[in-house]
Amino acid sequence: MCQHDHDDQHGQVSVPHRHTCCPQPQPEPEGVSRRGFLGAAAMGGIALGGLSWSMLAAAEPGLPLPAPRKPIVVKPVFVYDVYTPHPQTSWRAWGGIQTPQDAAAELPRIKAELDKLKAMADFPVEFLSLASVRGVGQLDKDQEVAKADVLLIYAAGGNLHGVEKLGKDVIFFIRHKSGPLYLWYEIISPRYLRNHTDVLAVKGIDDEDCVIDSLDDVVWRLRSLCGLKNTRGSKILAIGGAGAWAQPGQVVPDLVKKIWNIQIENVPYADLGKLIQAARADQAEVQLAKKRAAEYLKLANTTLETKLTFVENAFLLDQIFRKLMAKAQCRAITINGCMGTIMPLAETSACLALSTLNDDGYLAFCESDFVVIPSGILLNGISGLPTFLNDPTYPHHSIITLAHCTAPRKMDGKNLEPARIMTHFESDYGASPKVEMHNGQITTNIAPDFKSQRWVGLLGEIVAHDLLPICRSQIDIKFKCPSHLLAERMPGFHWMTGYGDYLKELGYALKRVGIQWECLG
């Protein structure tokens, strides 16, 4: 990387680079002191307003924990028709629901399946009462439809046209062999989805919204929509303001607000500095941080390879962030300037604090990079598991290295991976966990583009967690697509990684916000 600005071949000035993996798009100008920088940040204002440590400590005594994910609310609907015999004419349609008695017998079968779906769900879900109608036009009078996020339509017969106008996500469940055959097994595509044409004709509903027989296929779609619900309209605190890796100004944060309606609340570093100073004068809070640090270092497979003071300061920072999020009534936070600005204020790096927050169910991201942060919120909303924001490298021989100096240890949501508590690599300062994610683990990897138009998804398997001279938490993942294809198609910079396979859920959610999902795994 070049240390100086230079003109490109078109005479335009390029963004200045720094010798780090994480350049700041708006670096501090020469001659501006840290005090001056903090004053400038404060001029941007703070949405929380009137922050003081005494206020935060009084409002949230002890150690706050995050609120759980919001449940996806599902309205199940049985749509059917019955038929009367007429001589010498075709008087009935396909299907095993023909009479009022057939319809009545179907209701307990559906209710039993709803109970199974509830038990199968590894995400919060609420099922409303089962409606039984002869056509979806009758749903206009059902008050529970307004409360629902999703309509789960058991499409046995009757009229489905117009369900798309109710403004809800729709999943059609259609029987082939899981019970009496449903009419719409024959005609869902030509009559409804294509409306007697050769192309999809219903806005917001397509073939992926049709499930035949499989409750598992219903579950993963609901899981996806649960993640989408917990992403749209969510709130995140941005310490030092919203940013985007090497991108200009507010372009990316504005896109995030437009696409996801994510509320970004700015906490200037001037205010954070005052909170840290006040928290250090609070002996009870300091003692709590020291106690938590000592307990953390006693955890199995945890080794200390930096100064104890750095770890204790990291836990104090963790406690400040928890109280800030509790005040803002949110469960997500990110840090701009984490490569340096926060270090003289906190007298540690932010890495370990972000790791411990993620392990307790918060969403804590370094770098305030809103190119990638929505993917972390979405993946967490889908999986319920921590996510790892990381720097990718160049793919070769079906291997790519992913690394960063902050990573959760409870990547599966329950068990602590081994960790060496070291310094932040590039500053050789503070406390950063080298999380040794275990070999053989399958991971979902997301590479978002700078324009919020195309995300690339890749399934991988962890095959190594070395100690190269790079960011501390580092994994090699093995993937199945050609290396050159990944190199050609990967956009943006930062990736988001989580345990498990959630590629289907991500694609199902993204089409609802207009982002193309390119799955290479």
Side-chain angles (χ1 to χ4, degrees), residues 63-70 122-124 223-224 226-227 230-231 234-237 292 296 299 301-302 314-315 317-318 321-322 325 330-335 338 350-369 372-392 402-421 431-438 441-446 448 457 459-460 462 465 471-475 477 494-503 505-506 509:
L63 197 67
L65 292 172
R69 287 179 291 168
K70 294 180 288 187
D122 55 358
F123 52 91
R223 184 187 296 117
S224 170
C226 180
N230 281 274
T231 304
S234 61
K235 184 189 296 185
I236 184 169
L237 297 187
R292 292 179 64 217
Y296 184 86
L299 293 171
N301 300 312
T302 306
F315 275 92
L317 191 62
D318 162 295
F321 287 164
R322 288 172 189 257
M325 284 186 280
C330 70
R331 55 191 291 264
I333 195 166
T334 185
I335 300 175
C338 58
C351 311
L352 182 59
L354 298 181
S355 177
T356 55
L357 288 170
N358 278 308
D359 284 342
D360 271 2
Y362 288 100
L363 289 163
F365 305 106
C366 55
E367 300 194 48
S368 196
D369 181 5
V372 71
I373 283 172
S375 70
I377 299 175
L378 180 59
L379 182 55
N380 171 267
I382 288 170
S383 69
L385 305 179
T387 56
F388 174 38
L389 188 157
N390 58 76
D391 296 355
L402 309 177
H404 229 288
C405 276
T406 177
R409 293 182 65 181
K410 292 183 180 179
M411 289 291 291
D412 67 355
K414 299 177 182 178
N415 302 298
L416 286 164
E417 296 281 31
R420 299 164 62 178
I421 312 305
S432 173
K434 182 196 179 328
V435 179
E436 298 186 338
M437 303 178 200
H438 63 275
Q441 173 65 49
I442 299 301
T443 63
T444 293
N445 307 279
I446 311 169
L459 207 63
I462 298 176
H465 44 81
C471 287
R472 300 303 190 185
S473 290
Q474 49 191 267
I475 52 176
I477 65 164
H494 283 124
W495 283 21
M496 197 66 66
T497 295
Y499 280 9
D501 178 359
Y502 297 99
L503 296 180
E505 289 90 339
L506 287 161

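Keep in mind that the numbers below use all heavy atoms, side chains included, and drop hydrogens, waters and symmetry copies. Heads up: numbering here begins at 1 and tracks the sequence.
- Side-chain atoms of Ser432 come within 3.5 Å of backbone atoms of Cys405 as a donor-acceptor pair (strictly under, hydrogens ignored).
- Contact annotation: the side chain of Asp318 approaches that of Arg292 to within less than 4.5 Å [non-hydrogen atoms, C-beta and beyond].
- Atom CG of Leu459 is separated from atom CG of Leu503 by 5.0 Å, given to the nearest 0.5 angstrom.
- Considering CG of Leu237 and CG of Leu363, their distance stands at 11.5 Å, rounded to 0.5 Å.
- For the atom pair Ile462 CD1 and Gln474 CD, the distance stands at 12.0 Å (nearest 0.5 Å).
- Here the side chains of Asp359 and Ser355 are in contact, with some heavy-atom distance below 4.5 Å.
- Ala350 and Leu317 make their closest contact through CA-CD2, 4.1 Å (heavy atoms, listed as atom of the first residue, atom of the second, distance).
- Considering only heavy atoms from C-beta on, Ile446 comes within 4.5 Å of Pro448 through its side chain.
- Rounding to the nearest 0.5 angstrom, the gap separating the CD atom in Glu417 from the CE atom in Met437 is 7.5 Å.
- Residues passing the salt bridge (charged side-chain N to carboxylate O under 4.0 Å, His left out) test with Asp412, sequence neighbours excluded: none.
- Between Pro433 and Ala407, the closest heavy-atom pair is CG-O, 3.8 Å.
- Atom CE of Met496 is separated from atom OG1 of Thr443 by 13.5 Å, given to the nearest 0.5 angstrom.
- Here CD1 of Ile236 is found 4.5 Å from CD1 of Ile373. Values are rounded to the nearest 0.5 Å.
- For His438 and Tyr499, the distance between ring centers is under 6.0 angstrom.
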- [ ] Start with the C-alpha gap between Leu389 and Thr387, add the side-chain angles, then the distance that decides, and say whether side-chain contact (heavy atoms from CB on, under 4.5 Å) holds.
- [x] CA-CA 7 Å; Leu389 188 157; Thr387 56; over 6 Å; no
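- Judged by distance alone, with hydrogens and angles left aside, the side-chain atoms of Thr497 form no donor-acceptor pair with the main-chain N or O of Asn445 at under 3.5 Å.
- Panel note: side chain Asn390, backbone His404; no donor-acceptor pair is recorded below 3.5 Å.
- Heavy atoms only, all atoms of each residue included: Ser224 and Ala509 are closest at OG-N, 3.2 Å.
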Open item on the list: Ile333 vs Tyr362, test: side-chain contact (heavy atoms from CB on, under 4.5 Å). Steps then yes/no.
Closed with: CA-CA 8 Å; Ile333 195 166; Tyr362 288 100; over 6 Å; no
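- In this structure, Glu436 and Asn301 have side chains that are not in contact, with every pair of non-hydrogen atoms separated by 4.5 Å or more.
- Across Lys70 and Pro124, no two heavy atoms sit closer than the pair O-CG, 3.6 Å.
- In this structure, the side chains of Leu352 and Tyr296 come closer than 4.5 Å at one or more pairs of heavy atoms.
- No donor-acceptor pair closer than 3.5 Å links the side chain of Ser368 to the backbone N or O of Thr334.
- For the pair Asp391/His494, a side-chain contact is recorded, criterion being any heavy-atom separation below 4.5 Å from C-beta on.
- Judged by distance alone, the side chain of Asn230 and the main-chain N or O of Cys226 form a donor-acceptor pair under 3.5 Å.
- Taking every heavy atom of both residues into account, Arg472 and Lys434 meet most closely at O-CG, 3.1 Å.
- Looking at Thr406, its side chain never comes within 3.5 Å of a backbone N or O of Phe365 through a donor-acceptor pair.
- Using a 4.5 Å cut-off on side-chain heavy atoms (C-beta onward), Thr302 and Arg409 make contact.
- Judged by distance alone, the side chain of Asn380 and the main-chain N or O of Leu385 form a donor-acceptor pair under 3.5 Å.
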- [ ] For the pair Arg322 and Asp360, evaluate side-chain contact (heavy atoms from CB on, under 4.5 Å) and give the outcome as yes or no after the intermediate values.
- [x] CA-CA 10 Å; Arg322 288 172 189 257; Asp360 271 2; 2.6 Å; yes
Open item on the list: Does Glu367 form a side-chain contact (heavy atoms from CB on, under 4.5 Å) with Val372? I'd like the steps, not just the answer.
Closed with: CA-CA 10 Å; Glu367 300 194 48; Val372 71; over 6 Å; no
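- The two atoms that bring Ala332 and Lys235 nearest to each other are CB-O, 3.7 Å, heavy atoms only.
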